[in-house]
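In what follows, a structure is listed as structure tokens, so that the remarks can point back to it.
Residue numbers begin at 1 in each chain, while the letters A, B, ... track the order of the sequences.
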2 protein chains.
Amino acid sequence: MFFHFKDRFPKLNAYWDRYLPFQKRMEVPAKTVLLQEGKISQHYIFIEKGCVRTFFNNNGDDKTVQFFFENEGLSSFDSFVNNVPSSFTIETIEPSVIYLLPRQYVSQLMDELSHEPDFAQMILQMTARRQMHYINEFVSIIRDTPEQRYQLLLNERPHIIQRVPQHYIASYLGVSKVHLSRIKSKLAKGKSHF
Amino acid sequence: MFFHFKDRFPKLNAYWDRYLPFQKRMEVPAKTVLLQEGKISQHYIFIEKGCVRTFFNNNGDDKTVQFFFENEGLSSFDSFVNNVPSSFTIETIEPSVIYLLPRQYVSQLMDELSHEPDFAQMILQMTARRQMHYINEFVSIIRDTPEQRYQLLLNERPHIIQRVPQHYIASYLGVSKVHLSRIKSKLAKGKSHF
DNA sequence: CCGGGACGATAACATATGTTATCAAGTTCA
DNA sequence: TGAACTTGATAACATATGTTATCGTCCCGG
């Protein structure tokens with residue numbers, strides 16, 4: 001769905017910074033659609049402040065796929081790279097400050113990068129990381145119960161639970177919002193009397 | 001977890017073929033472990049005949065992650081690229097004919113490839129495809145019921161159902177083998193009287 | 001040719017999860 | 001400020017799914 005090389009490969013920061021002038025800064029309120037499901041992605045999105053989710057519509061209700069926060073970048077990767085309609089909507093959750101870099105500059109940037117001596121190695125590593133992320137999402141959902149998945153979120157990515165409305169989290173976990181509420185109250189009970 | 005550029009980008013076949021001599025051919029029975037969970041992946045695996053699954057152990061029982069068939073290639077991608085212990089076991093399901101290409105040659109191959117003019121574009125496309133595959137797995141499991149997922153398999157990847165033992169499919173779908181059996185019999189009833 | 005193991009179906013019961021409806025509190029905005 | 005909307009909790013009921021146990025078939029190796 002996206003890559004973000006900034007900070008991951010410091011030697012690439014110089015390249016990245018060269019493209020800063022082409023990025024368009026925007027301050028937007030919550031629930032702003034940055035890319036509509038069905039449209040073709042034209043920008044790489046970088047989040048300076050705020051948070052964002054990707055989701056798709058399924059018979060009227062959303063299914064959230066992923067959350068993004070400060071200093072993360074994303075695009076609807078398949079749409080962006082292969083010029084096909086996006087399967088996902090990208091929408092802000094909080095009022096946010098974001099930067100948009102048009103696709104043409106990203107292509108240009110990639111071409112420049114490909115002359116770096118160990119470009120192949122870097123891109124493989126980035127790719128491997130991204131793949132592991134999504135494979136882990138899949139693994140977690142066939143391995144863990146929704147309750148365990150919620151606990152994992154609580155332990156490993158607490159910022160999500162703190163900043164994201166509960167029904168988005170529910171659809172991301174693959175359960176109904178009612179059931180997520182049950183899970184929370186069950187965990188609360190387990191903790192309270194000790 | 002894997003890439004396979006052969007057939008996807010025909011212009012690369014020449015590169016690939018140059019490395020054929022370094023591949024080791026093996027004929028192995030069913031249930032042969034090609035890579036053990038916890039070991040570091042040393043080979044890229046290509047399947048000439050037979051089929052293979054990747055899985056991990058979870059409290060005694062396996063969880064299957066993916067199936068591979070003739071003319072597909074795989075590795076435990078993260079392990080292979082980043083030289084870390086593999087999270088998965090790779091094991092044959094049927095008696096199979098496979099080729100192993102040691103990692104050093106794969107690195108070499110990638111380096112050669114990186115001189116191709118639109119290497120960046122190709123690798124992005126490959127990456128996007130792989131990402132979409134895993135994202136779709138995730139999306140399907142938060143969107144669809146196990147019954148729907150079984151139907152999808154039946155319609156879109158029937159070879160899996162024909163060739164793979166049912167309990168592997170069950171763990172891949174994220175349900176118990178008992179429940180998969182129930183799903184099958186329910187679907188059979190729906191079909192029989194018409 | 002026999003015996004064990006792999007595979008799959010089914011039943012019975014316990015638990016998890018979905019659905020619908022209702023209520024309460026907080027937020028937003030005219 | 002008041003109405004509408006968003007968010008979240010809870011109850012009650014229906015359904016889906018897990019667990020354990022049993023049985024039958026098939027297949028492979030001694």
Side-chain angles (χ1 to χ4, degrees), chain A residues 28-33 50-51 53 55 58-64 67 91-96 140-151 153-154 160-192, chain B residues 28-33 51 53 55 58-64 67 91-95 140-151 153-154 160-192:
Chain A
V28 296
K31 300 208 182 203
T32 303
V33 171
C51 68
R53 70 182 180 124
F55 68 92
N58 181 239
N59 300 114
D61 58 301
D62 305 345
K63 299 287 181 175
T64 297
F67 303 104
E91 186 185 271
T92 55
I93 294 175
E94 301 173 352
S96 304
S140 170
I141 211 167
I142 65 174
R143 180 191 54 202
D144 305 322
T145 64
E147 182 175 329
Q148 290 171 320
R149 280 165 55 68
Y150 181 76
Q151 289 262 34
L153 228 53
L154 211 48
I160 291 183
I161 289 170
Q162 289 153 8
R163 294 173 62 177
V164 175
Q166 199 165 305
H167 54 287
Y168 296 162
I169 296 177
S171 75
Y172 166 73
L173 291 178
V175 299
S176 67
K177 61 189 178 181
V178 176
H179 192 61
L180 178 53
S181 185
R182 270 195 290 242
I183 288 171
K184 281 184 64 175
S185 78
K186 181 183 167 192
L187 291 180
K189 271 180 200 164
K191 268 191 174 179
S192 61
Chain B
V28 297
K31 299 205 183 207
T32 303
V33 171
C51 68
R53 70 181 180 124
F55 68 92
N58 180 238
N59 300 115
D61 58 302
D62 307 345
K63 300 287 181 176
T64 297
F67 303 105
E91 186 185 270
T92 54
I93 293 174
E94 302 173 354
S140 169
I141 211 166
I142 65 172
R143 179 190 54 202
D144 305 322
T145 65
E147 182 175 327
Q148 291 172 319
R149 280 165 55 69
Y150 181 77
Q151 289 261 35
L153 228 53
L154 211 49
I160 291 183
I161 288 169
Q162 288 154 8
R163 294 171 64 176
V164 175
Q166 199 164 306
H167 53 288
Y168 296 163
I169 296 177
S171 75
Y172 166 72
L173 291 179
V175 300
S176 68
K177 61 189 179 183
V178 176
H179 191 62
L180 178 54
S181 185
R182 269 195 291 242
I183 287 171
K184 280 183 64 176
S185 77
K186 180 182 167 194
L187 291 180
K189 271 180 199 164
K191 269 191 174 179
S192 60

Output the rounded distance in Å from [atom1] ([X]) to [atom2] ([N]).
X        : N      : atom1 : atom2 : result
A:Ile161 : D:dG8  : CD1   : C1'   : 15 Å
A:Ile141 : C:dT17 : CD1   : C1'   : 14 Å
A:Gln166 : D:dT7  : CD    : C1'   : 8 Å
A:Arg163 : D:dG8  : CZ    : P     : 15 Å
B:Lys177 : D:dG18 : NZ    : C1'   : 12 Å
A:Lys31  : D:dT7  : NZ    : C1'   : 10 Å
B:Ile183 : C:dG8  : CD1   : C1'   : 15 Å
A:Gln162 : D:dG8  : CD    : P     : 13 Å

Checklist entry - For A:Gly50 and A:Ser96, which heavy atoms make the closest approach, and how far apart are they? => result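 The pair with the smallest heavy-atom distance is CA-OG, 3.5 Å.
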Tabulate protein N/O versus nucleotide N/O from nucleotides 25-30 of chain C, keeping only pairs under 3.5 Å, one per line.
none

Kindly give the atom pairs (protein nitrogen or oxygen, nucleotide nitrogen or oxygen) under 3.5 Å for nucleotides 12-16 of chain C.
{"from": "C:dA12", "atom 1": "N6", "to": "B:Arg182", "atom 2": "NH1", "distance (Å)": "3.4"}

Next on the checklist: Applying salt bridge (charged side-chain N to carboxylate O under 4.0 Å, His left out) to B:Lys31 and B:Glu91, what does each step give before you reach the verdict?
Outcome noted: CA-CA 6 Å; B:Lys31 299 205 183 207; B:Glu91 186 185 270; 5.9 Å; no
Checklist entry - What nucleic acid atoms does A:Lys184 come within less than 4.0 Å of, heavy atoms only: base, sugar-phosphate, or nothing? => result sugar-phosphate
Tell me, do [X] and [Y] make a side-chain contact under 4.5 Å, heavy atoms counted?
X        : Y        : answer
A:Pro146 : A:Leu180 : no
B:Arg163 : B:Ile93  : no
B:Phe67  : B:Arg53  : yes

Checklist entry - Which nucleotide sits closest to the side chain of A:Ser181: C:dG8, D:dA9, C:dA6? => result D:dA9
Checklist entry - If you check the B:Ser176 side chain, which of C:dT10, D:dT7, D:dG18 turns out closest? => result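 My answer, after comparing the listed nucleotides, is D:dG18.
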Item to check | Backbone N/O of A:Thr32 and side chain of A:Thr92: donor-acceptor pair under 3.5 Å | outcome: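 Judged by distance alone, yes, a pair lies under 3.5 Å.
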Item to check | Short side-chain to backbone donor-acceptor contact, A:Thr145 and A:Gln148, under 3.5 Å | outcome: yes
Checklist entry - Mind checking what makes side-chain contact (heavy atoms from CB on, under 4.5 Å) contact with B:His167, not counting sequence neighbours? => result B:Pro165, B:Lys177
Item to check | Check against side chain to side chain contact (heavy atoms under 4.5 Å, CB included), B:Tyr150 and B:Lys184 | outcome: CA-CA 9 Å; B:Tyr150 181 77; B:Lys184 280 183 64 176; 3.4 Å; yes
